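What follows is a set of notes on a single structure, which appears directly below.
This one's a predicted model, so the numbers in the text were calculated from it and none came from an experiment. Worth knowing before you read on, the calculation uses all heavy atoms, side chains too, and leaves out hydrogens, waters and symmetry mates. Proteins get letters first, then strands, A, B, ... in listed order; numbering begins at 1 in each.
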2 protein chains.
Amino acid sequence: MFIRLDFESDEPIYTQLIHQIIEGIAKKNLSPGDPLPSVRAMAADIGINLHTVNKAYQHLKQEGFILIHRQKGVVIHPDGVAKADAAYMKQVQKKLRPFVAESICRQVSEEEFLKQCQELFNEFKEEGEKK
Amino acid sequence: MFIRLDFESDEPIYTQLIHQIIEGIAKKNLSPGDPLPSVRAMAADIGINLHTVNKAYQHLKQEGFILIHRQKGVVIHPDGVAKADAAYMKQVQKKLRPFVAESICRQVSEEEFLKQCQELFNEFKEEGEKK
DNA sequence: TAACTGTTATACATATAATATAACAGATAA
DNA sequence: TTATCTGTTATATTATATGTATAACAGTTA
């Protein structure tokens, strides 16, 4: 797999795994219907416990990124991920809030902050176009 | 004080306190040199433990938002907060990354995402101009 | 039958979060 | 000089989160 974990990070392993898979979808390395390794295979592959992988999968399932068929295994959600609604955008703002506040304290201009976001969008877009 | 905590949130109390104070600085409700309540006064005021407040203050101190004089008490850093450097901006990008990735999965356009950031900047700016 | 799937249960170790007391050294005000 | 307030430190306890380790179960597939 394409998973890269940082075991020195403060960020929990299962959270890193969640983010990696979501990034994979954003970059279109993973497309609707694509299979993911079984919890045991993934765990063995990246050298962590089965339950840590399962925890990540359950989160991804609950948020609609993947489907878990008891028979067919784990796949990227065939219908695609649910589109953002007003509630989701509000949640995004809430999470971005502390970063904006601290940036203002550190005299980061609005333009410079937006540039950081744009760079990230470009990064995902370019990766997506390689496919 | 102007502190509002959500005891139902997943976000730890001391982290919420940190963010509230940083927001206060961003909105210029708190200016360089302004005093903050003692750990005991703050704790009693918002109904939490002294050590939880102390933990927040220590973080704010380490990141240069406040100064702690053994005599004079706690004050917003008189010299202002250190300006963002390249390392800080890199760190910001790293933290924004998961939000951008998930937004892309949910078909949030770059323009819409940037709009959310702009709204936050405007919110802080307007609050700051009230003073 | 054997090997695989997700799932569940139990147990354990460790770290973090939050609270509860208590005490210490230094400054300040009555 | 007391008394009170300051930040700081220490210790203990409780609860929750994280991660690992086994084991088992029900269902599918080769």
Side-chain angles (χ1 to χ4, degrees), chain A residues 1 3-22 30 33-78 95 98, chain B residues 1 3-22 30 33-78 95 98:
Chain A
M1 276 294 269
I3 304 294
R4 304 218 175 277
L5 299 181
D6 177 10
F7 292 94
E8 310 297 321
S9 171
D10 315 312
E11 196 185 357
I13 297 175
Y14 81 93
T15 301
Q16 292 185 46
L17 186 51
I18 289 173
H19 289 158
Q20 293 276 315
I21 292 173
I22 292 179
L30 293 173
D34 283 358
L36 283 180
S38 73
V39 288
R40 288 176 177 83
M42 175 71 91
D45 189 7
I46 55 186
I48 62 175
N49 190 272
L50 156 166
H51 292 104
T52 308
V53 176
N54 189 249
K55 193 171 182 178
Y57 279 9
Q58 289 301 324
H59 277 258
L60 288 166
K61 171 187 171 189
Q62 187 151 8
E63 292 177 8
F65 289 95
I66 64 176
L67 266 189
I68 304 181
H69 276 89
R70 187 108 192 191
Q71 310 94 333
K72 303 178 184 175
V74 184
V75 296
I76 304 299
H77 204 301
K95 287 176 180 170
Chain B
M1 274 298 268
I3 304 295
R4 305 218 174 276
L5 299 182
D6 177 10
F7 292 94
E8 309 297 321
S9 171
D10 315 312
E11 194 186 358
I13 296 177
Y14 82 94
T15 302
Q16 293 185 44
L17 186 51
I18 289 172
H19 289 159
Q20 292 276 316
I21 292 172
I22 292 179
L30 293 173
D34 282 357
L36 282 180
S38 73
V39 288
R40 287 176 178 84
M42 175 72 90
D45 189 7
I46 56 186
I48 62 175
N49 190 272
L50 155 169
H51 292 103
T52 308
V53 177
N54 189 248
K55 194 172 182 177
Y57 278 10
Q58 290 301 325
H59 276 259
L60 288 167
K61 171 187 169 188
Q62 188 153 7
E63 291 177 8
F65 289 95
I66 65 177
L67 265 189
I68 304 181
H69 277 89
R70 188 112 194 187
Q71 310 95 334
K72 302 178 185 175
V74 184
V75 296
I76 304 300
H77 204 302
K95 288 177 180 171

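Here C:dA18 presents its C1' atom at 16 Å from CG of B:Asp10, a figure rounded to the nearest Å. With rounding to whole Å, A:Gln58 atom CD is found 16 Å from D:dT18 atom C1'. Rounded to an integer number of Å, the gap from A:Ile18 CD1 to D:dG19 P is 10 Å. Rounded to whole Å, the distance from CG on B:Leu17 to P on C:dA18 is 10 Å. For the pair B:Ile13 CD1 and D:dA15 P, the computed distance is 16 Å after rounding to whole Å. Taking atom CD on B:Gln62 and atom P on D:dG7, their separation rounds to 18 Å, with Å as the unit. Rounded to whole Å, the distance from CG on B:Leu5 to P on C:dA17 is 15 Å. One atom, CG of A:Asn54, and another, C1' of D:dA21, lie 15 Å apart when rounded to the nearest Å.
Nearest nucleotide to the side chain of A:Arg40, out of C:dT7, C:dA22, D:dA21: C:dT7. Among the nucleotides C:dA17, C:dA20, D:dA21, the one closest to any side-chain atom of B:Asn49 is C:dA20. When distances run from any side-chain atom of A:Val39 to the nucleotides C:dT5, C:dT7, D:dG19, the shortest one goes to C:dT7. Distances were taken from every side-chain heavy atom of A:Lys61 (C-beta onward) to each of D:dT18, C:dA17, C:dT7; the shortest belongs to C:dT7. For B:Pro12, whose side chain is taken as the heavy atoms from C-beta onward, the closest listed nucleotide among C:dT7, C:dA18, D:dT6 is C:dA18. Listed candidates were C:dG6, C:dA18, D:dT9. Nearest to the side chain of A:Ile68 is C:dG6. Between C:dG6, C:dT19, C:dA17, one nucleotide has an atom nearer to the side chain of B:Lys55 than all others, and that is C:dA17.
Between the side chain of A:Gln16 and the main chain of A:Asp6, a donor-acceptor pair closer than 3.5 Å is present.
Inter-residue side-chain proximity for A:Pro98 and B:Ile22 is flagged as unmet; no heavy-atom pair is nearer than 4.5 Å. Between A:Phe7 and A:Ile48 there is a side-chain heavy-atom pair separated by less than 4.5 Å.
OP1 or OP2 of D:dT20 sits under 4.0 Å from a side-chain N or O of A:Thr52. The phosphate of C:dA17 (OP1 or OP2) has a side-chain N or O of B:Tyr14 nearer than 4.0 angstrom. The phosphate of D:dC5 has neither OP1 nor OP2 within less than 4.0 Å of any side-chain N or O from B:Ser38.
Checking B:Leu50, B:Thr52, B:Val53, B:Val74 one by one against B:Met42, the side-chain contact (heavy atoms from CB on, under 4.5 Å) holds for a single residue, B:Val53.
Here the closest non-hydrogen pair linking B:Pro35 and B:Val75 is CA-CG1, 4.1 Å.
Across the interface with DNA chain D, nearest-nucleotide mapping of A:Glu11 and B:Leu50 shows B:Leu50 to be the residue nearer the 5′ end. Judged by closest nucleotide on DNA chain D, B:His51 is the one of B:His51 and A:Thr15 placed further toward the 5' end.
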